[in-house]
Amino acid sequence: MAAARSISCVKHLAESPNLSSIPSNYIYHTDPAQTELQASIPVIDFSLLTSHNPHHKAKAIHDLDQACQDWGFFILVNHGMPEELRQGVLEAAAEFFNLSEAEKPEFEPENVLSPIRYGTSFNAATDVVFCWRDFLKVFVHPHFVSPHKPQSLRQLLPEYCERSRDVVATLSKAISQSLGLEETEMEKELELRSSLQIFVANYYPRCPNPEAAMGILPHSDHGLFTLLIQNDVGGLQIQHHQRWFNVNPPPNSILVNTGDHLEIFSNGKYKSVLHRAVVNDKTARISIATANGPCLDAEVAPARRLVEGRGGMVAAYAAMKYKDYLLEQQSGQLDGKTMLKRVRIQN
Ligand SMILES: O=C(O)CCC(=O)C(=O)O
Ligand SMILES: [Fe+2]
């Protein structure tokens with residue numbers, strides 16, 4: 001059922017003929033949006049993570065470990081995702097946002113756990129500063145749903161999401177090993193067979209004052225790994241050593257970032273990374289961020305074998321059900337890593 005009050009999307013606002021500057025509730029005062037710094041993000045050759053050559057595989061796992069520790073971000077190449085599928089999903093997302101204003105309200109949600117959520121900003125009900133962004137979020141696993149239109153999205157979504165989960169399954173095995181655990185330990189403890197996967201399409205229209213607005217405010221993602229693709233328009237920035245860096249991924253690659261639940265599971269070895277999206281005055285940007293987390297009912301804590309026994313580390317995070325974490329994080333305002341700090345134990 002659609003929400004009682006229809007939201008006003010930023011795409012519609014941006015396309016109004018006389019818009020020369022952004023309304024004041026979109027003005028972001030905290031930090032300048034622009035930076036000259038270009039990130040040199042580590043590149044991981046995905047095919048080597050499943051190599052039959054043990055040296056190649058060990059080297060790839062080592063590189064992944066370093067990338068997650070240093071940046072919390074990496075570029076995946078040789079990932080096996082067909083280029084037509086990547087492009088097709090981006091075009092299908094564009095078609096969704098191009099549906100008429102009369103066609104989209106049926107996708108407005110009742111609450112933050114509704115399986116299909118079309119909206120604007122982050123949480124328009126509570127946001128103080130609005131993001132220059134419209135979004136579509138679809139819960140695609142463990143129970144697959146899809147908006148019934150556009151047809152192209154309905155057709156491509158199952159394969160895109162399944163292939164993304166395959167990528168994440170391989171990453172989870174590699175990360176288990178780089179934590180010194182058995183290959184399947186993460187999968188078992190976090191019940192990844194019923195993992196929550198959310199397909200998020202972001203639409204950032206052209207903006208008349210790009211330096212004063214923000215597409216998505218600084219945040220870390222709640223899950224384990226987010227897979228990100230974009231149309232050929234840049235805008236993603238990540239924080240590294242307290243400074244913001246632009247990220248310009250090579251064509252045909254997938255960007256991956258680590259989320260809060262990887263930080264918790266690894267007991268702080270792999271910190272979730274702060275990122276945000278800036279906007280521009282030339283071209284609309286579309287990104288697809290597929291969030292891959294534990295099972296909603298999993299009680300997440302640092303991996304048991306890391307913290308148990310005599311030689312174990314002290315647990316730095318309290319256990320919390322993923323569903324409760326998600327509900328709390330998504331119900332408020334997007335605010336850096338505030339939610340993660342709530343489960344962090346001050347030792
Ligand atoms: O659009 C981007 O590059 C980032 C999107 C993002 O961070 C998200 O959807 O969580
Ligand atoms: Fe994100």
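Each ligand, and each atom within it, is numbered from 1 in the order the structure gives. Bear in mind the structure is a predicted one, so any value in this text is a computation, not a measurement.
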Looking only at the aromatic ring of each residue, does the gap between the centers of [Y] and [X] stay below 6.0 angstrom?
| X | Y | answer |
| --- | --- | --- |
| Tyr118 | Phe107 | no |
| Trp71 | Phe245 | yes |
| His222 | His261 | no |

Considering heavy atoms of the protein only, find what lies nearest to [atom] and give residue, atom and distance to 0.1 Å.
| atom | value |
| --- | --- |
| atom 3 (O) of ligand 1 | Arg285 NH2, 2.8 Å |
| atom 10 (O) of ligand 1 | His219 NE2, 3.1 Å |
| atom 9 (O) of ligand 1 | Asn202 ND2, 3.1 Å |

- Which heavy atom of Gln230 sits nearest a heavy atom of Leu90, and at what distance?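 Looks like O-CD1, 3.5 Å.
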
- Backbone, side chain, both or neither: what part of Asp221 comes under 4.0 angstrom of ligand 1, heavy atoms only?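 Near ligand 1, Asp221 shows its side chain, while the N, CA, C and O stay back.
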
- Message: Quick one, Arg305 with Glu185, criterion salt bridge (charged side-chain N to carboxylate O under 4.0 Å, His left out). Give me CA distance, side-chain angles, the key distance, then yes/no.
- Response: CA-CA 9 Å; Arg305 279 218 295 133; Glu185 235 162 310; 2.9 Å; yes

- Message: Glu263 vs Lys337, test: salt bridge (charged side-chain N to carboxylate O under 4.0 Å, His left out). Steps then yes/no.
- Response: CA-CA 11 Å; Glu263 178 166 337; Lys337 290 177 74 166; 3.0 Å; yes

- Message: Please confirm whether Arg276 approaches ligand 1 to less than 4.0 Å, judged on its heavy atoms.
- Response: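 No heavy atom of Arg276 comes that close to ligand 1.
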
- Does ligand 1 have an atom under 4.0 Å from some heavy atom of Tyr204?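 Within the 4.0 Å threshold, so yes.
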
- Message: Using the Fe ion (ligand 2) as the vertex, how large is the angle between OD1 of Asp221 and NE2 of His275, rounded to 10 degrees?
- Response: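 The OD1/NE2 angle about the Fe ion (ligand 2) sits at 90°.
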
- Message: Within the 4.0 Å heavy-atom shell around His275, which atoms of ligand 1 are there?
- Response: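 Matching atoms, with element in brackets: 7 (O).
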
